[in-house]
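Naming convention: chains lettered A, B, ... in sequence-line order (proteins, then strands); numbering from 1 in each chain.
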Protein chains: 2
Amino acid sequence: MSSRILVVEDEMPIRDMLVFALEQKGYYTLEAETYGEALDKITEPYPDLILLDWMLPGGSGIQLAKRLKQSEFTRDIPIIMLTARGEEEDKIRGLEVGADDYMTKPFSPKELLARIRAVMRRAAPTSVEEMIQVQGLKLDPVSHRVTANEDGLDMGPTEFKLLHFFMSHPERVYSREQLLDHVWGTNVYVEDRTVDVHIRRLRKAISAHGHDKMIQTVRGAGYRFSAKV
Amino acid sequence: MSSRILVVEDEMPIRDMLVFALEQKGYYTLEAETYGEALDKITEPYPDLILLDWMLPGGSGIQLAKRLKQSEFTRDIPIIMLTARGEEEDKIRGLEVGADDYMTKPFSPKELLARIRAVMRRAAPTSVEEMIQVQGLKLDPVSHRVTANEDGLDMGPTEFKLLHFFMSHPERVYSREQLLDHVWGTNVYVEDRTVDVHIRRLRKAISAHGHDKMIQTVRGAGYRFSAKV
DNA sequence: CAACAATGTCACATAACTGTCACATTTAAA
DNA sequence: TTTAAATGTGACAGTTATGTGACATTGTTG
């Protein structure tokens, strides 16, 4: 959920305002003042969106956008360009280059957030989320439900994600660290043993019809989800 | 697939640009400069979407939208209104009247096309306005009424739209942001938590016969409408 | 113009979830 | 069998998400 937004803007007061508004809303921000600095920040992991001041010294904002839209890896990063009132030519050039939206300064934080939401939704991949079933255990990512032989099961968000991951990758052992990466996300630091606790909670949640046996401990290696006993 | 789009815009350069961009993309276009001319074009077969300049001479853009949204036959034609920057009042009036989206001039063809797709996708399944019933709960989109086991229920416009959306898409979790997009509309920015409050109001409104349990909280994900407990 | 209804936001209350620990139990090797 | 390591398990305290009432604002209706 917490997306990363790169703010490329040379005027500090404006940049600060943007960063403040974004972080307020839970976005993770990156900042750059110049063309070069921006390029440095545009590497793995790529930001999810770029707010780009069109009037960078030397007009390099346009160049940056052009460059990004040409590279296969950065082509799909949405760009919202920030222009000053009356710079019509820039708008036109910007849109030619492929900016996804633009805003004229000054603008309200509300408008900014609305556009970010719109642009990111447009860019969001519409992954096909299908129902997963293994024996009597069904998990439906769309309705966010898990059932065991038609009985609804209750579990916390983390247990749901964990089960989702397991059911998507059955018959395979994952170490605690791997599970942390896949389920909790990278760059989150929690103890390895925390996985054990959630495994315990998940097992309890699906134990009603004996499905807890599907989550197997592989001593010294990790855990495995398997239909086989 | 070739949808028919009516462009109502009095300034020729802009109209030409729009028509060009649309035909480029394979849409079939109709053009109108004035209120009266537009009405002439809005007959069988009805256009699938209307791009409506809000600033038609005499402010008649708004009147046209209002008129269209009042007639049973044209109510469901999606309208994207085109406003000049800063005409905040118009935006607000436009959304009240029932415009489905708006764009501020000048805008990119890319954005325009994206919104057209979005609006049409959203409007497509709504074309048939049928009574929806889930267990004892009935919602009639035509008369704008909701009943629980024959008892009439009272609720605000937003709650009605919310319930309408939920009942049209049961068994599916929607995040607060998605609900904002679908119920409040794109381009409106309100706090995520506002959804919670309206959920609360809606639950209260339908709680008389225990129907409030149909709106379920999915912690960390959003809300879901479902007949199942 | 006054009374009323609807909206969006807050602040606070409540409920649910998290990560960690300490201790119990199991396992495998010595 | 003994022993050390690995895993299971219950409890708990902090954190976060959601529920809820109140309020200012705005538009609507009479």
Does the ring center of Phe225(A) lie less than 6.0 Å from the ring center of Tyr174(A)?
no
Smallest heavy-atom separation, Pro47(B) atom then Ile77(B) atom, equals O-CG2, 3.7 Å
Quick one: is dG19(D) close enough that its OP1 or OP2 comes under 4.0 Å of any side-chain N or O from Arg203(B)?
yes
Here the pair of heavy atoms bringing Met155(A) nearest to Ala205(A) is CB-CB, 4.0 Å
Would you mind reading off the distance between Ile199(A) atom CD1 and dG8(D) atom P, rounded to a whole angstrom?
8 Å
Mind listing the closest non-hydrogen atom pair of Leu180(A) and Glu191(A) along with its distance?
CD1-O, 4.2 Å
Length of the CZ-P vector between Phe160(A) and dT18(C), whole Å
13 Å
If you compare every side-chain N and O of Thr217(B) against the phosphate oxygens of dG19(D) (OP1, OP2), does one of them come in below 4.0 Å?
yes
Can you tell me if Tyr223(A) touches the phosphate of dG8(D), counting only side-chain N or O atoms and a distance under 4.0 Å to OP1 or OP2?
yes
Watson-Crick or G-U pairs under 3.5 Å in DNA chain C, rendered as dot-bracket with [ ] for crossing pairs and | for another strand
||||||||||||||||||||||||||||||
Lys204(B) atom NZ is separated from dT20(D) atom C1', nearest whole Å, by 8 Å
Taking CD1 from Ile215(A) and P from dG8(D), how many angstroms apart are they, rounded to a whole number?
11 Å
Distance in angstrom units between Leu202(B) CG and dT20(D) P, rounded
13 Å
In whole angstrom, give the distance that lies between atom CG of Asp212(B) and atom P of dT18(D).
18 Å
Nearest heavy-atom neighbours spanning Val195(A) and Arg176(A)
CG2-O, 3.8 Å
Can a salt bridge be assigned to the pair Arg145(A) and Glu171(B) using a cut-off of 4.0 Å between side-chain N and carboxylate O?
yes
Closest to the side chain of Val197(A), out of dC21(C), dT7(D), dT18(C), is dC21(C)
Rounding to an integer number of Å, can you tell me how far Arg193(A) CZ sits from dA22(C) P?
12 Å
Under 4.0 Å between a side-chain N/O of Thr194(B) and OP1 or OP2 of dT9(C), yes or no?
yes
Which of the following nucleotides, dG19(D), dT9(D), dC10(C), is nearest to the side chain of Asp196(A)?
dT9(D)
I want to check one thing: is the phosphate of dT18(C), taken as OP1 and OP2, less than 4.0 Å away from some side-chain N or O of Trp184(A)?
no
Arg201(A) CZ to dG19(C) P, in whole Å, measures 8 Å
Expected string for nucleotides 25-30 of chain C under the B/S/- scheme (protein heavy atoms, under 4.0 Å, primed atoms plus P, OP1, OP2 as sugar-phosphate) is -BBS--
Can we say Asp212(A) and Lys204(A) salt-bridge, meaning some charged N sits less than 4.0 Å from an Asp/Glu carboxylate O?
no
Would you say dT7(D) has OP1 or OP2 under 4.0 Å from some side-chain N or O of Arg176(A)?
yes
Using a distance-only test with no angle check, is there a side-chain donor-acceptor pair under 3.5 angstrom linking Thr29(A) and Arg15(A)?
no
Look at Lys41(A) together with Glu31(A) and state whether they make a salt bridge at an N to O cut-off of under 4.0 Å.
no
Can you tell if the side chain of His198(B) reaches within under 4.5 Å of the side chain of Glu159(B), non-hydrogen atoms only?
yes
